[in-house]
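Presented below is the structure to which this report refers.
Residue numbering restarts at 1 for every chain, and letters A, B, ... go by the order of the sequence lines. Everything numeric in this text was worked out from a predicted model, so none of it was measured.
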Amino acid sequence: MPELPEVETVRRELDAWLPGRRITRAVRVDAPRGPKYARLQRASGQRIEGVDRRGKFLLLPLSGGDELIVHLGMTGVISDRDPGEHVRAKLMLSGRSRRQLYFQDVRRFGRFLVVKAGVYDGLPTLAAMGPEPLDPSFNPAMLHVGLQRSGAPIKSCLLSQKPVAGLGNIYIDEALWRARIHPRTAARRISKIKTARLHEAIVSVLRQSLEASGTTLSDYRRVDGEEGEFAEQLDAYGRAGLPCRRCDHPLSHDTIGQRSTCFCGRCQR
DNA sequence: CGAGTGCCCTGACAGC
DNA sequence: TGCTGTCAGGGCACTC
């Protein structure tokens, strides 16, 4: 499932060639009507001014004062080649190369919509998005303040995107494993010492995954169709029953916040 | 307002 | 072979 490293990988690829191009036509293809593709046709005729990211959302400011918002959901793939099936939206672009942009999304959890720039009324998670973990200003004190606001299990708290942006099921399990924090620990009970460890774990796992162009488990692909290479470096996610790489104890599996969770019952306390 | 639950959606896979 | 059931989960609507 695309999380920050995957979305940032896609952002960088798009940022290399999209800005400055005009969207000659934006169309829904076999996409449901409704809020996930709201006002997409408004992008037609506008120039793409940049490719930004907040958490797992891609934000493309447009010349007409609008913003194209893309969320990959579970199975969203942005491609510069026609994937053939499950294409939900398509951007025809100006420019001699005739390059186009396809949004493929098998399970339809993704979004591809246009809003007035910065107006996120229908997107409460984006509107309340926490700090960017790879921004140099992100520090343990900020994380601690965010965690203090919640009595929920740390796993659920991080899924909310409020204490920090861009983490999903995979990197939360990885970060908690690295920081040796049990996923059921109430967020506000996490000490400053452990919060500092968690901060370091979040930043390191995201940087390392980004270095590997993200994690491909099944659906995620880069714009050129290549896979991310971080899956082989996962220590927790998907390793239930396998020995912990730190203490050899078999990893446990549990469901927290309706999410499958893997952790070491011995060294995560 | 915070926490918890149901829901969307489709393919992969296990079991019979 | 072909069917059924289960699982995967990000974000939102809704309830308490």
Side-chain angles (χ1 to χ4, degrees), chain A residues 1-8 10 28-38 53-59 69-78 83-89 103-113 115 119-130 133 145-176 183-190 206 209 214-221 227-228 231 234 236-241 253-263:
Chain A
M1 46 266 26
E3 303 178 28
L4 190 148
E6 292 77 32
V7 178
E8 176 62 17
V10 170
R28 278 189 274 206
V29 184
D30 185 25
R33 296 201 175 279
K36 290 182 176 179
Y37 294 83
R53 180 189 57 74
R54 274 293 276 140
K56 304 172 204 169
F57 290 83
L58 286 172
L59 309 174
I69 297 186
V70 182
H71 195 292
L72 301 177
M74 289 285 295
T75 56
V77 173
I78 291 181
E85 49 184 5
H86 308 306
V87 173
R88 309 300 177 199
F103 182 58
Q104 179 196 41
D105 185 21
V106 172
R107 281 155 79 178
R108 302 174 189 262
F109 278 30
R111 289 143 215 265
F112 204 95
L113 67 150
V115 301
V119 180
Y120 305 138
D121 293 340
L123 301 156
T125 302
L126 177 57
M129 190 71 66
V145 169
L147 299 186
Q148 287 303 110
R149 286 197 259 263
S150 171
I154 182 65
K155 169 98 187 204
S156 309
C157 178
L158 292 173
L159 281 168
S160 77
Q161 310 296 299
K162 286 177 183 169
V164 56
L167 299 182
N169 210 32
I170 296 175
Y171 298 108
I172 291 174
D173 280 10
E174 294 301 307
L176 293 175
R184 279 203 192 276
T185 312
R188 69 166 61 104
R189 290 186 184 275
I190 294 176
L206 294 179
S209 179
T215 300
T216 296
L217 295 175
S218 56
D219 298 285
Y220 163 69
R221 291 293 185 282
E227 299 189 356
L234 296 175
Y237 182 87
R239 299 195 71 248
H253 180 271
D254 204 350
T255 299
I256 304 174
Q258 293 171 305
R259 295 293 176 263
S260 174
T261 302
C262 296
F263 64 100

Which nucleotide, [options], lies nearest any side-chain atom of [X]?
X	options	value
L159(A)	dG10(C), dG4(B), dC9(B)	dG10(C)
H86(A)	dC12(C), dG11(B), dG10(C)	dG11(B)
H71(A)	dA8(C), dA3(B), dG10(C)	dG10(C)
H253(A)	dG11(C), dG4(B), dA8(C)	dA8(C)
R111(A)	dA8(C), dG11(C), dC9(B)	dG11(C)
F57(A)	dG11(C), dG10(C), dA8(C)	dG11(C)
V106(A)	dA3(B), dC12(C), dG11(B)	dG11(B)
R107(A)	dG10(C), dC9(B), dA3(B)	dC9(B)
T125(A)	dC12(C), dG4(B), dG10(C)	dC12(C)
R188(A)	dA8(C), dC12(C), dA3(B)	dA3(B)

Between [atom2] on [N] and [atom1] on [X], what's the gap in Å once rounded to a whole number?
X	N	atom1	atom2	answer
N169(A)	dG11(C)	CG	P	12 Å
R108(A)	dC8(B)	CZ	C1'	11 Å
L4(A)	dG11(C)	CG	C1'	17 Å
K155(A)	dA3(B)	NZ	C1'	17 Å

Test item: R88(A) side-chain N/O and R111(A) main-chain N/O as donor-acceptor pair under 3.5 Å |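 A pair under 3.5 Å: no.
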
Measure up the F103(A) and Y37(A) rings against each other and bin them: parallel (under 30°), tilted (30 to 60°), perpendicular (over 60°).
->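 Rings of F103(A) and Y37(A): tilted, as their planes differ by 30° to 60°.
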
Does a side-chain heavy-atom distance below 4.5 Å link R184(A) with D254(A)?
->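 Answer yes - side chains close enough.
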
Determine whether K56(A) and L72(A) make a side-chain contact, defined as any pair of heavy atoms from C-beta on separated by less than 4.5 Å.
->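 Contact flag for K56(A)/L72(A) side chains = no.
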
Under 3.5 Å, is there an N or O donor on one side and an acceptor on the other linking the side chain of Q258(A) and the base of dG6(B)?
->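 Looking at the base of dG6(B), it does pair with a donor or acceptor on the side chain of Q258(A) (distance under 3.5 Å).
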
From the options T255(A), T185(A), I172(A), select the one residue that forms a side-chain contact (heavy atoms from CB on, under 4.5 Å) with K155(A).
->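 That would be I172(A); it is the only one of T255(A), T185(A), I172(A) passing the side-chain contact (heavy atoms from CB on, under 4.5 Å) with K155(A).
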
Listed by chain and number, what are the salt bridge (Lys or Arg N to Asp or Glu O under 4.0 Å) partners of R221(A), not counting sequence neighbours?
->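 Counting only residues at least two positions away or on another chain, R221(A) forms a salt bridge (Lys or Arg N to Asp or Glu O under 4.0 Å) with E227(A).
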
Quick one: bend of the helix from dG2(B)-dC16(C) to dC16(B)-dG2(C) from 5 pairs per end, to 10°?
->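 Computed angle between terminal axes is 40°.
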
